[in-house]
Amino acid sequence: MRRTRAAAASAVTVSMLAAVTACGGGSSTEGGSNDSPKTLTYWASNQGPSIEADKKILTPELKKFEKDTGIKVKLEVVPWSDLLNRILAATTSGQGPDVLNIGNTWSASLQATGALLPWDAKNFDKIGGKDRFVESALGSAGATGSDPAAVPLYSMAYALYYNKKMFADAGISGPPATWDELVADGKKISKDGKWALAAEGSNPSENIHHVFVLGKQHGADFFDADGKPDFTSDGAVAAVKQYVDLMGKDKVVAPGNAEYAQNQSLQDFAKDKTAMVMWQTAATTLKAHGMSDDDWGVAPVPVQTGSPGSGTAVNSMVAGINLAVFKNTDNIDGATKFVKFMTSDAEQKTLNKTYGSIPPVKAAQDDPAFNTPALKVIRDTLAKSAAPLPQVPNESQFETAVGTAVKELFADAAAGRPITTASVKEKLSEAQQQMPKK
């Protein structure tokens with residue numbers, strides 16, 4: 001039954017992508033024109049601890065833009081669980097926003113639909129030039145060799161957040177650097193209703209991010225050099241098994257985490273129920289849950305051996321949020337002005353400070369606020385040991401298919417069913433069969 005649901009979900013995504021043309025989206029100009037638009041619609045992704053928190057953060061900034069330009073921005077904050085399907089529906093119906101946030105891993109997939117404005121040299125010049133942006137962030141803005149389909153807005157990487165009190169109570173002096181150390185430490189912590197590591201086992205996107213990184217550590221990319229799916233290689237299978245084994249074999253992740261998909265792992269961390277969580281820029285949410293900066297520390301995500309770096313020592317995907325414009329919006333000039341505003345040095349400092357992320361705009365990174373110990377870990381990871389997810393047209397289907405396969409394996413582990421190399425390979429083979437055929 002779980003397999004049927006996974007196949008259906010993947011089929012919906014694939015069929016919607018296949019139906020997309022460059023019909024675009026966008027709002028009416030409500031009395032304005034392309035030369036003088038009066039209203040823009042903006043879909044923002046949920047970056048803070050709640051939808052309401054994001055509205056409170058963004059609304060004053062959008063008022064600044066309105067004051068400067070006379071253009072009113074209609075804001076909707078869309079949960080991550082709905083965002084991709086909302087975008088795909090908008091590209092097929094033509095009823096969508098003018099400007100929207102997209103996860104940077106979706107850039108190549110959405111670019112392939114033809115619905116997004118290409119950021120060629122002319123368009124980049126309108127917002128201050130392409131060279132304002134960090135190269136690694138631009139690397140996750142579209143397919144290699146093509147003009148980016150979006151502009152980087154927030155840069156992030158995964159880090160290991162650890163609860164200092166729980167570590168001290170277990171007699172552990174510092175965070176683990178390797179997976180063997182994490183499991184050994186985790187067994188000291190995981191008792192009396194407390195657990196070592198949190199996971200969002202029912203969230204396909206979180207799953208794919210972690211198994212992609214583990215795949216790199218095992219020498220696998222999930223796609224071959226021609227962009228064809230390769231989900232059943234030895235490295236890919238080993239990566240997925242290692243991740244699910246943290247619950248099933250190593251027993252350092254609570255079985256209940258198999259059902260987590262709405263950031264419950266951060267709540268457990270803040271309530272001293274779980275000692276570690278791998279997350280992108282968690283500081284804002286942890287503060288919202290009552291933790292002070294002194295309660296937690298930040299370290300690089302573990303590697304197999306040695307220390308983080310390139311190649312098989314990759315310990316994060318290049319995470320981030322990009323800002324895209326629907327190509328056929330009636331408000332193309334206003335939308336471009338809005339992108340320029342959101343990526344200005346001043347706004348980049350304001351928004352990234354609030355969300356605890358790193359500005360992808362070079363000049364904004366000079367602010368001392370981005371040199372805290374926690375953000376230094378993230379900056380170093382982005383600079384030295386992060387890799388972009390495959391920038392291929394089928395990337396979003398990859399996230400759905402493999403992420404859901406991992407979700408189902410977590411459910412098996414939680415139920416006490418053995419997770420074997422053969423069972424993992426079978427599940428990944430089923431996921432590969434769901435991918436569209438060229």
Side-chain angles (χ1 to χ4, degrees), residues 20 22-30 32-47 51 54-55 57-80 82-84 86-91 93-104 106-107 110-111 113-120 122-128 132-133 137 141-142 147-154 320-344 347-348 350-352 355 359-361:
V20 168
C23 58
S27 66
S28 70
T29 54
E30 296 195 2
S33 66
N34 191 41
D35 295 328
S36 183
K38 300 300 182 184
T39 305
L40 292 172
T41 53
Y42 173 41
W43 285 357
S45 51
N46 179 200
Q47 300 301 125
I51 299 293
D54 281 322
K55 290 178 181 177
I57 289 166
L58 292 171
T59 297
E61 306 311 308
L62 303 185
K63 291 293 185 184
K64 293 180 188 176
F65 176 74
E66 183 179 358
K67 182 178 179 181
D68 291 344
T69 64
I71 301 171
K72 181 179 180 180
V73 179
K74 293 183 176 180
L75 170 67
E76 182 179 357
V77 181
V78 184
W80 280 105
D82 299 335
L83 187 56
L84 181 58
R86 290 280 302 277
I87 294 169
L88 293 173
T91 58
S93 69
Q95 301 301 310
D98 300 291
V99 187
L100 72 160
N101 288 4
I102 64 173
N104 66 355
W106 304 337
S107 295
L110 294 176
Q111 181 180 44
T113 70
L116 300 183
L117 178 73
W119 286 88
D120 56 18
K122 181 180 178 180
N123 284 327
F124 265 114
D125 285 345
K126 294 177 183 178
I127 63 170
R132 296 180 60 240
F133 296 88
D147 290 322
V151 175
L153 183 64
Y154 311 126
I321 310 302
N322 292 343
L323 198 59
V325 173
F326 272 110
K327 185 165 64 177
N328 288 0
T329 172
D330 291 334
N331 296 346
I332 191 71
D333 293 341
T336 304
K337 289 178 181 177
F338 183 66
V339 173
K340 182 177 182 179
F341 169 78
M342 293 290 280
T343 60
S344 65
E347 202 61 26
Q348 280 283 289
T350 297
L351 291 172
N352 283 281
Y355 285 127
V361 171

Quiz item: Are any non-hydrogen side-chain atoms of Ile102 and Leu84 less than 4.5 angstrom apart?
Solution: no
Exercise. Applying side-chain hydrogen bond (donor to acceptor under 3.5 Å, both in side chains), name anything that partners Glu61, two or more places apart in sequence or on another chain.
Key: Lys64
Exercise. For Asn104, enumerate each residue passing the side-chain hydrogen bond (donor to acceptor under 3.5 Å, both in side chains) test, keeping only those at least two apart in sequence or located in another chain.
Key: none
Quiz item: So, do Leu351 and Leu58 sit near enough that their side-chain heavy atoms are less than 4.5 Å apart?
Solution: yes
Quiz prompt | For Ser45, all residues meeting side-chain hydrogen bond (donor to acceptor under 3.5 Å, both in side chains), sequence neighbours excluded | solution = Gln47, Asn101
Self-check item: N/O donor-acceptor pair under 3.5 Å between Asn352 side chain and Gln348 backbone
Solution: yes
Quiz item: So, for Ala324 and Ala149, which heavy atoms are closest and what is the spacing to 0.1 Å?
Solution: CB-O, 4.0 Å
Self-check item: Thr350 side chain vs Glu347 backbone, donor-acceptor pair below 3.5 Å
Solution: no
Practice problem: Please name all residues satisfying side-chain contact (heavy atoms from CB on, under 4.5 Å) with Asp147, sequence neighbours left out, ordered by chain then number. | Solution: Pro118, Asp120
Practice problem: Return the set of residues passing ring pair (Phe, Tyr, Trp, His ring centres under 6.0 Å) with Phe338 (not counting sequence neighbours), or none when no residue passes. | Solution: Tyr42, Phe65
Quiz item: Does a side-chain heavy-atom distance below 4.5 Å link Val325 with Thr336?
Solution: no
Exercise. Please report the closest heavy-atom contact between Gly334 and Leu40, naming both atoms and the distance.
Key: O-CD1, 3.4 Å
Practice problem: Using a 4.5 Å cut-off on heavy atoms from C-beta on, say whether the side chain of Thr69 contacts that of Phe341. | Solution: no
Quiz item: Would you say the side-chain atoms of Lys55 pair up with the backbone N or O of Val77, donor to acceptor, closer than 3.5 Å?
Solution: no
Quiz item: More than 12 foreign heavy atoms under 6.0 Å from NZ of Lys63: is that the case here?
Solution: no
Quiz item: With a 4.5 Å heavy-atom cut-off, do Tyr355 and Asp54 have their side chains touching?
Solution: yes
Quiz item: Is there a side-chain contact between Phe326 and Leu117 (heavy atoms, below 4.5 Å)?
Solution: no
Quiz item: Taking only residues two or more places apart in sequence or in another chain, which ones pass side-chain hydrogen bond (donor to acceptor under 3.5 Å, both in side chains) with Lys340?
Solution: none
Quiz prompt | Least distance between heavy atoms, Ile127 atom then Arg132 atom | solution = O-NH1, 3.2 Å
